[in-house]
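Note that the structure is a prediction, hence the values are computed from the model and not measured.
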Amino acid sequence: MKRLLLSLCLFVFITTYSKAQSFHTIKGRTIDTASTTLLSGTSIAVLNAKDSTLVKFTRAAENGSFELSGIKNGKFILLVSYPKYADFVDHFTLDSTTQVKDYGKINLTGMAKILADVIIKGNRTAIKIKGDTTEFDPKAFNIEPNSKVEDLLKQFPGFQIDKDGKITAQGKTVPKVLVDGEEFFGDDPTLVTKNLRADMVESVQLYDKASDQASFTGIDDGEKTKTLNIKLKEDKKNGYFGKLQGSYGTKDFYQGQAMFNKFWGKKKFSAYGILGNNGTVGLGWDDRDKYGASGGMTMTDDGGMYFSSGGDDFDSYDGQYNGQGLPVARTGGLHFDNKWNKDKESLNTNYKIGSIRVQGDRNSISQNNLASGVQNNTSDEAFDNDMFRQKLDAMYELKIDTTLTMKVNVDGALKKSNTSNIFKTLTTGENDKFLNSSNRTLSNEVDDQSFNMNVLFTKKLKKKGRTLSLNLNQSINKSNSEGYLNSLNTRATQTGNIDSLTNQLKTNDITNSAFKLNAVYTEPLSKTLTVIINYGLTLMNGKSDRISFNQSGSGRYDILDTLYSNNFELNQTINQAGAIFNYKKGKTVINFGSKFSGVNFKQDDIYHNKTYVRNFINYMPQATYQYRFSQQKSLRISYNGNTNQPSLDQLQPVRVNNDPFNVVEGNQDLRPSFRSNVNANYNAYKVLTNQSIWLNGSYSFTTNPIISDVTTDGVGKSTYRYINYNDKMQTNFYLYAQISRKINALGEINVGLNVNANGNSSYNFITTDLGRTLNNTKNYSYGGGVNISKYKDKSYSFYTNFGPSYNMARASIGRNSDGWGWRGYASGNVQLPGKFEISTDAEYQYNGKTQVLTESFERLIWNASVSKKFFKSENLRFSATVNDILNQNIGFNRYASNTSISQSSYTTIRRYLMFSVSWDFNKMGGGLKTQK
């Protein structure tokens, strides 16, 4: 009996224990949510909830079903995975109450569907600092439908973009914008920023672009250009996009614009056309001819000199429009670039054609404060300038093998300009006493031609870091002009006023050609130290035949004026050599070295049978220290020095008679000056607080400077001569600092504070009836400002920057002219129901009174528009815009030079109403999604 009871108890215990420790089964089926497709081969795993160790694993059958058995009691995680689908994760518990856990249908969602529906939120690393490069992530900023790169850049800390599209980043102007590292319509930055779609951008890089040779060797040669690189998303490199716009307004103002872009694979094709008379003279009509500088004769960096088309008021019009006058512009261009043969070959080419005509009036008043008294000058000018230009450039690159590359750049331009200028000037002394006057009319017709070809070979040798490069350059520039000078000049004498009349035909025939060779060799001296050695040879020659003819009794211009006719021939040989060392270890990079150039200069004066010979040496030391604290923080300090040779205008100026009251004499005994410049940059970005800091400062000083020695007589005639001055140095300084961050407590508003200062101190001698005096001129400007911006998705946005300035213009001879100023700019838009939008922008300027200028100046240029968008994509827009609502766009400029304080006013475009229709079209790979 006892045995029976014992057996019964043992049976009950085993049965109870067995139930307590029972094994369980898990089963289910995996299905695609969208298509109800059964997903065979799905991975199913059961993990311990405590430590995520694997308990059981299997794969789904062909019908998507699965079953896992033999699982004990406990807490577990079910993980279901399938390629390109989001994981299914579930926490569950198994105990004695459940023998089988049946999940039934497990619906899996494709990743593409999830990403298409998700709006990415939260803080991202908006900025990364990689050495000299600051990289911005567009996904951390707002991107509205059909917005352009310009709208994206406005949100970046440290960036300012004015109403014309000019970009200022970290206190410096950005003249170059690349797309995927390649030129896009040459050097026209607004062709990218105003037309490339913001949703196509993967990242934006800001850096100082080095020369081709420096990029190849990795060693800084001092040649830098502030550059933006727009990197495109891979899925946005196939398809086409563009824009069509037409506008017409009151006072017969009009504007038309069209742009088409097609990207396919590694090919890009773009075309644009613009016409208008409302100040939109082009998307980027901003590049001057290579030898388009005015001033008669100019010097290159290595000491070479060439003739330019200027020297007097008969300059070739460069096609610039800076808001002065009324323009009519028609411009267009084509762009194509491609890579092929496994990226071993690439081609980038641009063609531009355009015309611009600017008419207007300009009035200037100035006061020349001399020891002998004050001279007041008024000038009225009417101008009518017209230019037509064509330009073609191409770049071909061939990677011959993994070590040898050839890059060829070719460009050529044809330009024809016609100018007409009428000047009326009056100079008076104390108590409005008449000193002199001039009435001049100048007309000129110029044909310019230019051609440049550059070939760069780069070779990597067997030893790592050992390289060789060879650069060959040939340039030819020609300018032919014909113009007329008619002037009536009157000056006061003790016996009365004396008139002089000039009526001449002037012809100019100028040719410059230059051949340059530069070889660079780099040798690693150790793991941390490399040396770069270069040698350059330059052969330059030029001809300048400038002839003046007086009018004979027959009415023809056939009497040669030998005094104001010049025929010069110029030949130069320049040898340049140098060595630069590069030390790189850890976070530190140091460059130091120097270049020397020896110049043999010979100029023949054909008309006067004279020869001028000069032999001189230029010295160009440089040093750079760079330390990278982290990926978001870096410091850079650099020094550059260079010898400045006197220019041909200072040694032997071209004799001109367009302004007999301002005459320049030459000085063959001039010696070179030497300029030293120290520059420092500090950049830092804090990811957690989204705070950025930019610091940039420079200081330069010139020893043995070349200064002007001006003699001004009692009737206002000034004779200029240049001399060396050893006792004093000329100095310049510049400082810019900005801190920006997003303030979440104020609703994620971006706030930036900046301060800036710049100034210079220079010297000149002034001789009057009272004797010769040394004058010290100081021009200083101090300012600060606040930037505030906010972008709220599909609601509103605004941007504003404003701040005061204090300008100091001081001369040791004469009177000071110090005064306060204020500038501000604001823009914003509000999106209303029904796809309506209101946009506005305003620019404020205030210049206060000074000791010399007793009247202040103030203006507010306010523009506003209302627009209506159509279609789901919002790509069709109708708008009405009022330009200069308050009608205050009065042309105004104020500046100081030596003992003279000047102020000018000029014709500008003022208030008008314009109606516009624009259509943005887009068919690119991938869809547009709003991101934060």
**Student:** Look at atom NZ of Lys869 and say whether more than 12 heavy atoms of other residues, nucleotides or ligands are closer to it than 6.0 Å.
**Tutor:**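 Buried by this count: over 12 neighbours within 6.0 Å.
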
**Student:** Decide yes or no for Asn875 and Asn922: does some side-chain heavy atom of the first lie under 4.5 Å from some side-chain heavy atom of the second?
**Tutor:** no

**Student:** Assess whether side-chain hydrogen bond (donor to acceptor under 3.5 Å, both in side chains) is satisfied between Asn863 and Asp841, documenting all intermediate values.
**Tutor:** CA-CA 5 Å; Asn863 311 306; Asp841 67 85; 3.1 Å; yes

**Student:** Which heavy-atom pair separates Asn261 from Gly242 by the least distance, and what is that distance?
**Tutor:** ND2-CA, 4.2 Å

**Student:** Taking side chain as C-beta onward, heavy atoms only, is Phe156 less than 4.5 Å from Phe141?
**Tutor:** yes

**Student:** Please walk me through it: do Thr800 and Phe802 pass side chain to side chain contact (heavy atoms under 4.5 Å, CB included)?
**Tutor:** CA-CA 7 Å; Thr800 180; Phe802 56 91; 3.7 Å; yes

**Student:** Which heavy atom of Ala757 sits nearest to which heavy atom of Tyr782, and what is that distance?
**Tutor:** CB-CD2, 3.6 Å

**Student:** To check you understand the geometry: which heavy-atom pair defines the closest contact between Phe921 and Lys243, and what is its length?
**Tutor:** CE2-N, 3.5 Å

**Student:** Are side-chain heavy atoms of Leu196 and Glu150 found at a separation under 4.5 Å?
**Tutor:**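 No. Closest side-chain heavy atoms not under 4.5 Å.
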
**Student:** Got a second to check how far Tyr583's OH is from Thr528's OG1, nearest 0.5 Å?
**Tutor:**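 Interatomic distance, Tyr583 OH to Thr528 OG1, rounded to 0.5 Å: 5.0 Å.
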
**Student:** Let me see the working for Val177 and Ile167 under side chain to side chain contact (heavy atoms under 4.5 Å, CB included), right down to the final yes or no.
**Tutor:** CA-CA 10 Å; Val177 177; Ile167 306 169; 4.2 Å; yes

**Student:** Before you tell me yes or no, could you show the steps for Tyr734 and Asn696 under side chain to side chain contact (heavy atoms under 4.5 Å, CB included), namely the whole-Å CA-CA distance, both residues' side-chain angles and the distance that decides it to 0.1 Å?
**Tutor:** CA-CA 8 Å; Tyr734 168 81; Asn696 182 25; 3.6 Å; yes

**Student:** A side-chain contact here means heavy atoms from C-beta on lying under 4.5 Å apart; do Glu182 and Met395 qualify?
**Tutor:** yes

**Student:** Quick one: pull up CZ in Arg197 and CG in Leu232 and give me the separation to the nearest 0.5 Å.
**Tutor:** 12.0 Å

**Student:** Under the criterion side-chain hydrogen bond (donor to acceptor under 3.5 Å, both in side chains), which of Ser839, Ser867, Ser797 is the partner of Asn829?
**Tutor:** Ser797

**Student:** State whether a side-chain donor-acceptor pair under 3.5 Å links Gln738 with Ser740.
**Tutor:**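 A pair is found: one side chain offers a donor N or O, the other an acceptor, under 3.5 Å apart.
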
**Student:** Please name the residue in the list Thr458, Thr530, Thr522 that meets the side-chain hydrogen bond (donor to acceptor under 3.5 Å, both in side chains) test with Thr467.
**Tutor:** Thr522

**Student:** Just by distance, no angles: are the side chains of Asn758 and Asn756 close enough, under 3.5 Å, to form a donor-acceptor pair?
**Tutor:** no

**Student:** Quick one: does Val755's side chain get under 4.5 Å of Leu753's, heavy atoms only?
**Tutor:**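 They are not in side-chain contact.
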
**Student:** If only side-chain N and O atoms count, and only distance matters, is there a donor-acceptor pair under 3.5 Å linking Tyr207 with Glu135?
**Tutor:**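 Side-chain D/A pair, Glu135 to Tyr207: absent.
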
**Student:** Who are the side chain to side chain contact (heavy atoms under 4.5 Å, CB included) partners of Val830, not counting sequence neighbours?
**Tutor:** Tyr796, Leu832

**Student:** Could you tell me if Lys268 sits above the aromatic ring of Phe263, with its cationic atom closer than 6.0 Å to the ring centre and no more than 45 degrees from the axis?
**Tutor:** yes

**Student:** Enter the distance from Leu178:CG to Asn229:CG here, rounded to the nearest 0.5 Å.
**Tutor:** 5.5 Å

**Student:** Do the non-hydrogen side-chain atoms of Leu876 and Val917 ever get within less than 4.5 Å of each other?
**Tutor:**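 A side-chain contact exists here, since the closest heavy-atom pair is under 4.5 Å.
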
**Student:** With the threshold set at 4.0 Å, does a side-chain nitrogen-carboxylate oxygen contact exist between Asp920 and Lys148?
**Tutor:** yes

**Student:** Go through Asp411 and Asn409 one step at a time and tell me if the side-chain hydrogen bond (donor to acceptor under 3.5 Å, both in side chains) criterion holds.
**Tutor:** CA-CA 7 Å; Asp411 69 82; Asn409 291 83; over 6 Å; no

**Student:** With a 4.5 Å heavy-atom cut-off, do Phe269 and Asn338 have their side chains touching?
**Tutor:** no

**Student:** In sequence, state the C-alpha distance, the side-chain angles, and the governing distance for Tyr791 and Tyr799, and then conclude on ring-ring contact (aromatic ring centres under 6.0 Å, His included).
**Tutor:** CA-CA 9 Å; Tyr791 289 78; Tyr799 168 82; 8.3 Å; no

**Student:** Just say parallel, tilted or perpendicular for the rings of Tyr627 and Tyr625, cut-offs at 30° and 60°.
**Tutor:**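 Because their plane-to-plane angle is under 30°, the rings of Tyr627 and Tyr625 count as parallel.
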
**Student:** Can you tell me how far the CD atom of Gln245 sits from the CE atom of Met259, to the nearest 0.5 Å?
**Tutor:**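 CE of Met259 is found 13.5 Å from CD of Gln245.
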
**Student:** Say you draw a straight line from CD1 of Ile274 to CD of Gln255; how long is it, rounded to the nearest 0.5 Å?
**Tutor:** 7.5 Å

**Student:** Please say which of Phe878, Trp919, Phe836 ends up in a ring pair (Phe, Tyr, Trp, His ring centres under 6.0 Å) with Phe870.
**Tutor:**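 Only one of Phe878, Trp919, Phe836 forms a ring pair (Phe, Tyr, Trp, His ring centres under 6.0 Å) with Phe870, namely Phe878.
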
**Student:** Do you know the tightest heavy-atom contact between Ser827 and Tyr825?
**Tutor:** CB-OH, 3.8 Å

**Student:** Sequence neighbours left out, what passes ring pair (Phe, Tyr, Trp, His ring centres under 6.0 Å) with Tyr639? Give chain and number order.
**Tutor:**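 For Tyr639 there are no ring pair (Phe, Tyr, Trp, His ring centres under 6.0 Å) partners, ignoring immediate neighbours.
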
**Student:** Taking the side chain from Asn238 and the backbone from Gly265, do they hold a donor-acceptor pair closer than 3.5 Å?
**Tutor:** yes

**Student:** Between Lys587 and Phe629 (side chain of the first, backbone of the second, donor and acceptor by atom type, cut-off under 3.5 Å), is there such a pair?
**Tutor:**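 A pair under 3.5 Å: yes.
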
**Student:** Counting heavy atoms not belonging to Lys262, are there more than 12 under 6.0 Å from its NZ?
**Tutor:** yes

**Student:** To the nearest 0.5 Å, what is the distance between CG on Leu152 and CG on Asp199?
**Tutor:**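 So the CG of Leu152 and the CG of Asp199 are separated by 10.5 Å.
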
**Student:** Please check if the side chain of Lys835 supplies one atom and the backbone of Phe871 the other of a donor-acceptor pair under 3.5 Å.
**Tutor:** yes

**Student:** Is any side-chain heavy atom of Gln622 closer than 4.5 Å to one of Ser638?
**Tutor:** no

**Student:** After noting the C-alpha distance and the side-chain angles of Lys352 and Thr331, does the key distance pass the side chain to side chain contact (heavy atoms under 4.5 Å, CB included) rule?
**Tutor:** CA-CA 7 Å; Lys352 298 177 187 177; Thr331 68; over 6 Å; no

